[in-house]
Amino acid sequence: MTSGRMELVCPAGTPATLRAAVQAGADAVYCGFRDETNARNFPGLNFSGEELAEGVRFAHDHGSKVLVAINTFARVNDVDLWKKAADTAAECGANAIIAADIAVLDHVAKNHKQVRLHLSVQAAAATPEAIGFYATNFGIRRVVLPRVLSVQEIAALNRAIDVETEAFVFGGLCVMIEGRCYLSSYATGKSPNLNGVCSPPEMVSYDDEPNSTAARLSGYTIDRYEPGEPVGYPTLCKGKFKAGGKTSYLFEDPVSLNAGGMIAGLKAAGVTALKIEGRQRGKGYVTEVVRAFRKAVDAVEQGGDAIEIDRILAGQSEGSRQTAGAYSKKWR
Amino acid sequence: MLPRNSEGRLPAVVRHLFPVFTGLPLGPLLTLSLRSLAGRQPRLFDLLGEHRTACYFIDPVDLAFAFTVVPDAERSIVRVVRKSEAATSSVQIRGPILTLLSLLDGTLDGDALFFSRIISISGRTEAVLALRNTIEDAELRPADLLGLRGALARLVDTGILGALDVARQMAARNSRRKAPEA
């Protein structure tokens, strides 16, 4: 359980967004390389080695840390790309590497002892035994928690482990066991876990039809939108399908996580760091969300009450539908 | 997809000034500007990868003409075209001119504008995403496009961005006045 100030960990899809997040008050930013070693492998996004080195210098000059996500799973006989990414991150002065693949964790643990290892959410480690395995064998210092635990479960977990925990508080939700998703692979032949991209954009289309717009992935219709209705990015898990004669969001409602109201609870549960999702989002969005959460976290640290926190984060609940996710398992 | 509404569109008085510019060599000027930018910031075009040879049809819905842009670094081409030429492009992006310009300078969040249908896209989604991510990272100012530096660049940026801000305010007032019709 942590007694220090909670760390705000923010997304950086590009060098410009890294600078924006740092200037908006991020304690740490996380980013990845421009290849399939990271789980946000979208065109035009991510960092070269040179850009990462520059980003690390900028962040350190402003008192922020840089965590590098090398969090996809290496392919058989092709681990060198992942090892090289870890070597480059270490050379650039990254504060930590976020990884899930045992080969990557092992490489960093053996060759870059000065770099902290954070266990990626993609490892889906949610028990003291699983986390203990990674701590004992690879010396992980922090685990990014799967978004399936309640605050009470996180508190119990923190009492049973001696590594830091990081919890998502804002952004997109993944319905499967943290990215271990076969839906995208089935529809597109590309895997979030291996290629770093869920619903690859080259297979996404928005097609105008009489009285509606269809969002499709690889030819499958994921959703239809009435004229004027806000649209979404088509992912199979959040698509609207007909089953049993009824049309509904079959797997998951298209809602986003907002656990802003639970920051105090997460602190009390012993969480060390709060993570904002959204490396694919622009710097305008990142700046706005980071600023709001910076104020909220500072208010919690200074003993602010729930009403004050709600007021600070009120602007973040406009627009898309939101949920506190598993942090508040009201069905129990 | 068609843009949702008239949010942020140019007031008629300003809109009527624009056809005059179609008589100017706007395409060649923008082509030169883009090629010059490629000479100074080649990394931006590298970020586009294979999509630098894509043909982007940019349709300011409140103007009488559109543009096609092939952002192929020092071989870039910008043309002023008729709205009917959309079909020949790889990607179509539509929205009010001030909103499209705000995407260039990073004032507005492209995702939010798209999801709320203030701008619309069709065609190759990956090419749009590559362009959007590249522009986001570029943090372009008007002076960058004009190849200016130093005090003159600051002066031009202040002037053009200030004028755009005034135009946006006028457009916003115009939209509010029209709101009951929507």
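Just so you know, these numbers come straight off a predicted model, no measurement behind them. Below, read A as the first sequence line, B as the second, and so on, with proteins coming before strands; counting in each chain starts at 1.
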Please indicate whether [X] has more than 12 foreign heavy atoms, meaning atoms of other residues, nucleotides or ligands, lying under 6.0 Å from its [atom1].
X: R40(B); atom1: CZ; result: yes
X: Y186(A); atom1: OH; result: no
X: R291(A); atom1: CZ; result: no
X: Q41(B); atom1: CD; result: yes
X: D61(A); atom1: CG; result: yes

Practice task
Report the option among S205(A), G232(A), A20(A), P200(A) that has the most heavy-atom pairs separated by less than 4.5 Å from atoms of chain B.
Solution key: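 So the answer, after comparing S205(A), G232(A), A20(A), P200(A), is G232(A).
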Problem - Top contributor to chain B contacts, counting heavy-atom pairs under 4.5 Å, from S48(A), P15(A), G284(A) - result: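 Top option by heavy-atom pairs under 4.5 Å: P15(A).
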Exercise for the section: Output yes when a side-chain donor or acceptor of D111(B) lies under 3.5 Å from a complementary backbone atom of G282(A), and no otherwise. Expected result: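 Absent.
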Exercise for the section: State whether the side chain of T14(A) and the backbone N or O of D137(B) hold a donor-acceptor pair below 3.5 Å, judged by distance alone. Expected result: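 Flag not set: sc T14(A) to bb D137(B) has no pair under 3.5 Å.
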Exercise for the section: Could you please state which residues from residues 43-55 of chain B sit under 4.5 angstrom from chain A, measuring non-hydrogen atom to non-hydrogen atom, sorted by number, or 'none'? Expected result: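 Expected list: R43(B), L47(B), H51(B).
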Handout entry: Per-residue contacts, residues 71-78 of chain B versus chain A, heavy atoms under 4.5 Å
Key =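 At a heavy-atom separation under 4.5 Å, chain A is reached by no residue of residues 71-78 of chain B.
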Practice task
Answer yes when R124(B) and E202(A) have at least one side-chain N-carboxylate O distance shorter than 4.0 Å, and no when they do not.
Solution key: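 Salt bridge: no.
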Practice task
Among L129(B), N133(B), T134(B), single out the residue with the greatest number of heavy-atom pairs under 4.5 Å to chain A.
Solution key: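 Greatest number of close heavy-atom pairs with chain A: N133(B).
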Practice task
State the CZ-CZ distance between F42(A) and R132(B), to the nearest 0.5 angstrom.
Solution key: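 The distance works out to 10.5 Å.
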Handout entry: Spacing of S122(B) atom OG and D207(A) atom CG [to the nearest 0.5 Å]
Key =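 It is 9.0 Å, given to the nearest 0.5 Å.
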Handout entry: Region of E51(A) in contact with chain B, defined by heavy-atom distances below 4.5 Å
Key =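 Just its side chain gets close to chain B.
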Do [X] and [Y] have side-chain heavy atoms sitting under 4.5 Å apart?
X: R117(B); Y: Y225(A); value: yes
X: E139(B); Y: R19(A); value: yes
X: F114(B); Y: Y233(A); value: no

